[in-house]
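What you see is a predicted model; the values in this text were computed from it and never measured.
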Amino acid sequence: MTHLNRLSSLLLVTLFVILTHPLLAVEIRYTLKMAKPQNHYFQVEMKVEQLSQKTALVKLPVWAPGSYLVREFSKNLNQVKVYSLSGSPLKVNKKTKNAWEIELNGQKGFVLSYEVYAFELSVRTSFLDETHGFVSGPSMFMYLDGQKELGGVLVVQSHPSFKKISTGLAPKTTADKQANQQAYTFDNYDQLIDCPLEIGNQEEFEFTAAGVKHTVAMYGEANYDQELLKKDMAKIVEEETKIVGVNPNKNYVFIVHNVVGGDGGLEHANSTVLSVDRWTYEGNNYINFLNLVAHEYFHLWNVKRIRPFVLGPFDYDQEVYTTLLWVMEGFTSYYDEIILRRCGFYSQDEMLRKVQSAINYVEGSVGSRVQPVAHASFDAWIKAYRPNENSSNTTMTYYSRGLVLAAVFDAMIVTNSKGTKGLDHVMQDLYNTYYVGKNRGFTDDEFKKTTEKFVGRDLTDFFDRYINGSEVIPYNDYLEPLGIEVVDVGGIKPVFGATVADEGGKVIVKTVRSGSSAEEAGISVNDEIIACMQYRVDKSMVDGIMNSAAINDEFELTLSRDKLIRKVTVKISGQKKVSYIFNNKATDVSLPLYNYWLR
Ligand SMILES: [Zn+2]
């Protein structure tokens with residue numbers, strides 16, 4: 001092929017691409033309404049123009065990023081109707097549980113409308129009543145299959161009683177106060193649904209930290225001290241920004257739901273939703289709120305940008321599998337503690353006790369010997385997010401084991417670098433190499449290699465044993481260079497092995513530990529414990545008897561299972577109990593390392 005031929009064929013290809021991809025000009029326009037908040041329905045309209053195909057497939061995600069469970073959001077979606085741009089009805093066929101095919105019939109666009117029932121107030125679902133509306137994008141907005149890269153506009157027409165909208169989306173123009181309407185732009189579908197919206201009369205306040213404007217939107221009665229929150233949240237932002245060295249946002253929004261109980265948080269690229277108990281700002285609970293702030297905020301780096309390959313862009317049709325949630329959630333759990341130390345909310349010793357208790361929790365759980373942390377991550381969809389009565393015997397939490405692994409890696413790097421580097425440098429490297437440099441997530445192997453670079457040695461054996469395997473980590477090997485002697489003082493302890501709950505005055509068995517005295521005796525979950533020897537018991541008596549029992553003690557228990565009475569004899573056996581204590585053995589060599597680690 002000559003040079004000229006190549007040039008003309010290149011022009012032809014370019015022309016062909018332009019002619020066959022008129023969709024590049026397509027813009028999607030969503031309108032969100034809430035006509036009657038008291039019926040809990042949002043009305044959504046999706047308008048797409050300049051299409052050239054015969055049919056269009058629209059879909060709703062089955063899961064929400066950051067929460068690894070198939071939630072089947074389309075179960076709440078009703079009244080799907082489609083019209084041409086001029087208003088004549090078009091035929092729509094349901095193709096799968098979350099997909100609808102629109103017959104365009106020569107039309108160049110369509111207007112799709114539907115209703116979403118929103119009555120589950122959590123950080124990952126949508127909610128609407130007379131007091132406010134909360135929109136979690138994956139449960140609300142459909143997308144054009146194969147075209148998630150398209151940007152567009154979202155117009156929110158709020159109910160007249162709602163005066164404010166808090167979201168990380170960029171406003172398009174100034175709000176039309178008369179119509180109670182506000183338009184926002186989005187670059188692509190992933191961004192649209194990564195920006196939840198709080199719509200109502202929430203209290204908003206602002207603070208600037210690390211050069212970023214932060215807005216805090218408070219829904220619900222609560223006893224917070226606004227000035228204290230501004231000061232403490234700013235401290236967390238400043239310290240976390242130092243870890244990677246860059247804060248990639250200009251604006252960031254904290255949407256806080258102050259409710260009874262509270263169910264945690266969900267991270268987004270430039271916002272987060274926190275669901276907290278309305279009394280969390282008082283006394284000892286306040287530090288838990290700061291932990292949650294530190295956790296979700298750190299996710300703007302770790303998982304939203306520093307991420308495994310499959311965690312963005314997302315496949316919303318099904319589970320996406322990664323063995324690295326222990327890095328995403330576990331490292332974030334480590335940082336939500338160590339950041340509070342760096343902010344001065346904890347002393348060095350308090351931080352050390354946090355690591356000690358995390359290790360005792362992890363190594364003391366039966367599931368830690370059954371499920372490697374990499375498997376716990378991969379199976380989050382069917383295990384961590386779908387726990388049952390036997391979960392503690394078969395699973396371990398990648399949050400806690402990941403926290404422990406982060407502490408161990410941090411210690412290894414501090415030792416290797418003689419107190420000049422730590423886990424922060426791994427995070428920086430991952431951010432710069434993969435997010436900034438390659439604009440993608442990393443593979444398991446790329447993560448391991450980056451960590452090896454800072455630990456200064458091959459980690460294949462370490463990964464095989466403690467990450468892809470479930471062996472006990474030899475903590476002393478890694479903490480002793482920092483002047484911490486790890487001693488197991490647990491020994492053999494009497495263990496009954498069943499937990500019970502009071503249900504309407506009945507003592508009901510909730511869990512039975514594998515290999516325990518309770519299991520050996522034939523006690524099962526859901527059994528009612530009626531009597532011990534000849535005494536009728538309540539929950540506190542069962543707990544009291546079992547906690548004070550010695551090895552080889554025997555009890556006859558009267559149970560009811562399926563309303564049939566049975567008697568069993570429990571012989572209390574001894575089981576190995578893990579209980580590590582950390583002894584401080586600081587030397588001139590180890591003290592600087594210790595001080596760098598827990599700075
Ligand atoms: Zn998290």
Side-chain angles (χ1 to χ4, degrees), residues 63-70 190 194 243-244 266-269 295-296 298-315 318-336 358 362 367-368 371-385 395-410 412-413 423-455 458-471 473:
W63 68 285
S67 182
Y68 306 98
L69 176 67
V70 170
D190 281 356
D194 190 44
I243 295 168
V244 172
L266 190 66
E267 65 275 9
H268 301 283
H295 184 97
E296 301 306 334
F298 191 63
H299 271 314
L300 82 82
W301 291 277
N302 197 32
V303 89
K304 296 314 296 187
R305 292 175 173 88
I306 298 169
R307 61 176 199 265
F309 218 83
V310 295
L311 294 184
F314 300 99
D315 178 350
Q318 60 209 323
E319 294 87 345
V320 298
Y321 298 107
T322 170
T323 58
L324 290 174
L325 289 183
W326 61 275
V327 179
M328 299 299 103
E329 291 301 343
F331 281 28
T332 303
S333 299
Y334 178 63
Y335 275 107
D336 75 39
V362 166
S368 281
Q371 189 187 42
V373 73
H375 299 192
S377 168
F378 194 91
D379 281 338
W381 303 86
I382 54 167
K383 293 196 172 173
Y385 275 83
T395 63
M396 51 90 43
T397 154
Y398 49 80
Y399 283 81
S400 302
R401 177 99 172 172
L403 183 163
V404 165
L405 283 161
V408 169
F409 282 138
D410 206 2
M412 286 160 108
I413 297 166
L423 192 62
D424 292 10
H425 294 82
V426 174
M427 305 312 287
Q428 283 169 21
D429 194 295
L430 291 169
Y431 182 84
N432 291 322
T433 306
Y434 297 102
Y435 173 67
V436 178
K438 299 182 195 285
N439 190 26
R440 66 164 172 85
F442 42 78
T443 64
D444 289 27
D445 198 49
E446 286 167 341
F447 170 76
K448 176 169 165 277
K449 287 217 161 65
T450 305
T451 311
E452 283 172 341
K453 189 160 95 184
F454 293 95
V455 169
D458 181 78
L459 288 170
T460 304
D461 184 61
F462 187 95
F463 271 68
D464 285 349
R465 286 168 185 263
Y466 315 121
I467 291 164
N468 299 310
S470 54
E471 289 183 37
I473 298 170

Ignoring hydrogens and geometry beyond distance, is a side-chain donor-acceptor pair present between E329 and H299 at under 3.5 Å? yes
Can any side-chain N or O of [X] pair as donor or acceptor with the backbone N or O of [Y] at less than 3.5 Å?
X    : Y    : answer
W63  : D315 : yes
T450 : V426 : no
S377 : L324 : yes
R307 : Y435 : no
N432 : Q428 : yes
R401 : P372 : no
R305 : L300 : yes
D424 : I243 : no

Roughly how far, to the nearest 0.5 Å, is [atom2] of [Y] from [atom1] of [X]?
X    : Y    : atom1 : atom2 : result
D461 : Y466 : CG    : OH    : 6.5 Å
I306 : L311 : CD1   : CG    : 13.0 Å
L405 : T451 : CG    : OG1   : 10.5 Å
N302 : D336 : CG    : CG    : 11.5 Å
I473 : I467 : CD1   : CD1   : 7.5 Å
K453 : I413 : NZ    : CD1   : 11.0 Å

Contacts of D445 that satisfy side-chain hydrogen bond (donor to acceptor under 3.5 Å, both in side chains) - sequence neighbours left out: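 Residues passing side-chain hydrogen bond (donor to acceptor under 3.5 Å, both in side chains) with D445: K449.
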Got a salt bridge between E446 and K438, using NZ or NE/NH1/NH2 to carboxylate O under 4.0 Å? no
Is there a side chain to side chain contact (heavy atoms under 4.5 Å, CB included) between V455 and F462? Walk through the geometry before answering. CA-CA 12 Å; V455 169; F462 187 95; over 6 Å; no
Identify the heavy atoms of [X] and [Y] that sit nearest to each other, and give their distance.
X    : Y    : answer
D194 : K304 : OD1-NZ, 3.2 Å
V320 : W381 : O-NE1, 3.0 Å
T332 : H295 : CG2-O, 3.2 Å
L423 : Y335 : C-OH, 3.3 Å
L459 : E452 : N-OE2, 2.8 Å
F309 : G441 : CD1-O, 3.4 Å

Hey, mind stepping through F298 and Y334 against side chain to side chain contact (heavy atoms under 4.5 Å, CB included) and telling me if it holds? CA-CA 10 Å; F298 191 63; Y334 178 63; over 6 Å; no
With a 4.5 Å cut-off on side-chain heavy atoms, are W301 and M427 touching? no
Do the non-hydrogen side-chain atoms of F447 and Y434 ever get within less than 4.5 Å of each other? no
Just say parallel, tilted or perpendicular for the rings of F331 and W326, cut-offs at 30° and 60°.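 Aromatic pair F331/W326 classed perpendicular.
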